[in-house]
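Here is the structure we will look at, set down as structure tokens.
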Amino acid sequence: MTETLLVSILLLAIGMVCLCVKLIFKPGSHFSSMHIHDSEAMRQRGIHCVIDQDREEREKRALRT
């Protein structure tokens with residue numbers, strides 16, 4: 001039981017270190033944004049996040065009434 005717990009914690013720790021290698025070893029680095037509205041390719045295709053789509057639809061409805 002305790003061996004399984006220790007192995008699990010060790011694997012999680014190794015995974016976290018692997019995810020943070022760039023942050024640890026490269027000064028001034030940060031995680032890039034995963035939001036759709038921050039992607040130039042998505043904006044060029046006209047793809048928006050659900051919050052932006054909802055705002056646009058609400059504005060359209062407000063103009064119709």
Side-chain angles (χ1 to χ4, degrees):
M1 172 80 178
T2 55
E3 287 181 15
T4 305
L5 182 62
L6 290 175
V7 170
S8 298
I9 291 172
L10 180 63
L11 288 173
L12 285 172
I14 291 171
M16 291 300 293
V17 168
C18 289
L19 288 171
C20 296
V21 166
K22 179 181 173 186
L23 295 175
I24 293 170
F25 294 111
K26 186 175 178 185
S29 64
H30 61 280
F31 284 115
S32 57
S33 175
M34 301 300 287
H35 294 279
I36 291 175
H37 66 268
D38 292 334
S39 171
E40 182 66 32
M42 293 292 196
R43 283 196 304 265
Q44 289 174 351
R45 292 183 178 116
I47 299 172
H48 306 285
C49 70
V50 70
I51 295 170
D52 292 338
Q53 289 176 347
D54 183 53
R55 184 181 326 113
E56 290 171 3
E57 288 299 317
R58 288 176 189 263
E59 288 172 0
K60 288 179 187 176
R61 288 183 193 157
L63 292 175
R64 282 189 236 156
T65 58

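Start at 1 with the first residue, then count along the sequence. Treat the numbers as computed from the prediction; the structure is a model and nothing was measured.
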Query raised in the report: Rounded to the nearest 0.5 Å, how far apart are CZ of Arg61 and CD of Glu56?
Result: 12.5 Å
Query - Distance, nearest 0.5 Å, that separates CD of Glu59 from CD of Glu57 - result: 10.0 Å
Report task. Find the distance between CG (Leu6) and CE (Met1) and round it off to the nearest 0.5 Å. Result -> 10.5 Å
Query raised in the report: Considering residues, nucleotides and ligands other than Ile47, do more than 12 of their heavy atoms fall under 6.0 Å from its CD1?
Result: yes
Report task. First locate atom CG of Leu5, then atom CD1 of Ile9, and finally report the distance between them rounded to the nearest 0.5 Å. Result -> 4.0 Å
Query raised in the report: So, for Ile36 and His48, which heavy atoms are closest and what is the spacing to 0.1 Å?
Result: CG2-C, 4.0 Å
Query raised in the report: Does a sphere of radius 6.0 Å around CD in Glu3 hold more than 12 heavy atoms from other residues, nucleotides or ligands, not counting ones at 6.0 Å or beyond?
Result: no
**Report entry** From CG (Asp52) to CZ (Arg43), nearest 0.5 Å
**Finding:** 10.5 Å
